[in-house]
Amino acid sequence: VQLQASGGGLVQAGGSLRLSCAASGRAFSSYVMAWFRKAPGKEREFVAAIGGSGTYRDYEDSVKGRFTISRDNAKNTVYLQMDSLKPEDTAVYYCAGSTWTARTEYNYQYWGQGTEVTVSS
């Protein structure tokens, strides 16, 4: 599975962005998909995950109520809608795929190249 993330950019605090991650390969709907992020000087951290059918969703506490993860299995794409953005959301965002549900990055076998999000105050 190859993943291609897009949609990052520069936005003011309080604004919104939607990230997309397009997957190539078979059986996309069988994978748990997630978003991680790496801020400057920090380790990469879990942001959100979604199960294959879209029913299961998990969010890191700091993004609950502001970010929404979704997927379109017909388009082999997972999304991250980010609203009410804060400067502390500034990071490179990575999409990832796994065969099981997890928050830890070493459980994810497939990774996109990252898309940069900058939130100005």
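All values derive from a computational prediction rather than experimental measurement.
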Assess whether salt bridge (charged side-chain N to carboxylate O under 4.0 Å, His left out) is satisfied between Glu45 and Arg37, documenting all intermediate values.
CA-CA 5 Å; Glu45 65 175 359; Arg37 66 186 179 186; 2.7 Å; yes
Please walk me through it: do Tyr94 and Phe36 pass ring pair (Phe, Tyr, Trp, His ring centres under 6.0 Å)?
CA-CA 5 Å; Tyr94 299 87; Phe36 288 77; 8.7 Å; no
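Without hydrogens or angle criteria, Ser20 side chain to Ser6 main chain gives no donor-acceptor distance under 3.5 Å. A donor-acceptor pair is defined here as one N or O able to donate and one able to accept, closer than 3.5 Å; no such pair exists between the side chain of Arg44 and the backbone of Tyr93. Side-chain atoms of Ser29 never come within 3.5 Å of backbone atoms of Ala27 as a donor-acceptor pair (strictly under, hydrogens ignored). Under a 3.5 Å cut-off, the side chain of Arg57 and the backbone N or O of Ala48 do not form any donor-acceptor pair. When atom types are taken as modelled, the side chain of Arg103 and the backbone of Asp58 share no donor-acceptor pair closer than 3.5 angstrom.
Tyr106 shares a hydrophobic cluster with no other residue; no ILVMFWY side chain has heavy atoms under 4.5 Å from its own.
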Sequence neighbours left out, cut at 3.5 Å: what donor-acceptor pairs do the side chains of residues 111-121 make with other protein atoms?
unit_1 : atom_1 : unit_2 : atom_2 : d
Trp111 : NE1    : Tyr108 : O      : 3.1
Gln113 : OE1    : Ala5   : N      : 3.1
Gln113 : NE2    : Ala5   : O      : 2.8
Thr115 : OG1    : Gly8   : N      : 3.0

Under 3.5 Å donor-acceptor pairs involving side-chain atoms of residues 80-88, not counting sequence neighbours:
unit_1 : atom_1 : unit_2 : atom_2 : d
Gln81  : NE2    : Asp83  : OD1    : 2.9
Asp83  : OD1    : Ser16  : OG     : 2.7

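Listed here is the closest heavy atom pair of Met33 and Cys21: CE-SG, 4.5 Å. The shortest non-hydrogen separation linking Leu3 to Ala23 is CD2-CB, 3.5 Å. Of all non-hydrogen atoms in Phe67 and Tyr59, the two that sit nearest each other are O-CE2, 3.3 Å. Across all non-hydrogen atoms, the minimal contact from Tyr110 to Val1 is CD2-O, 3.4 Å. Across all their heavy atoms, Val78 and Trp35 have their closest contact at O-CZ2, 3.9 Å. The minimum heavy-atom distance linking Ala49 with Val32 is given by the pair CB-CG1, 4.4 Å.
Annotation: the span from Asn76 atom CG to Arg26 atom CZ amounts to 12.0 Å, rounded to 0.5 Å.
Using a 4.5 Å heavy-atom cutoff, the side chains of Phe46 and Thr104 are not in contact.
In this model, no donor atom of one side chain and acceptor atom of the other lie less than 3.5 Å apart for Arg18 and Tyr79.
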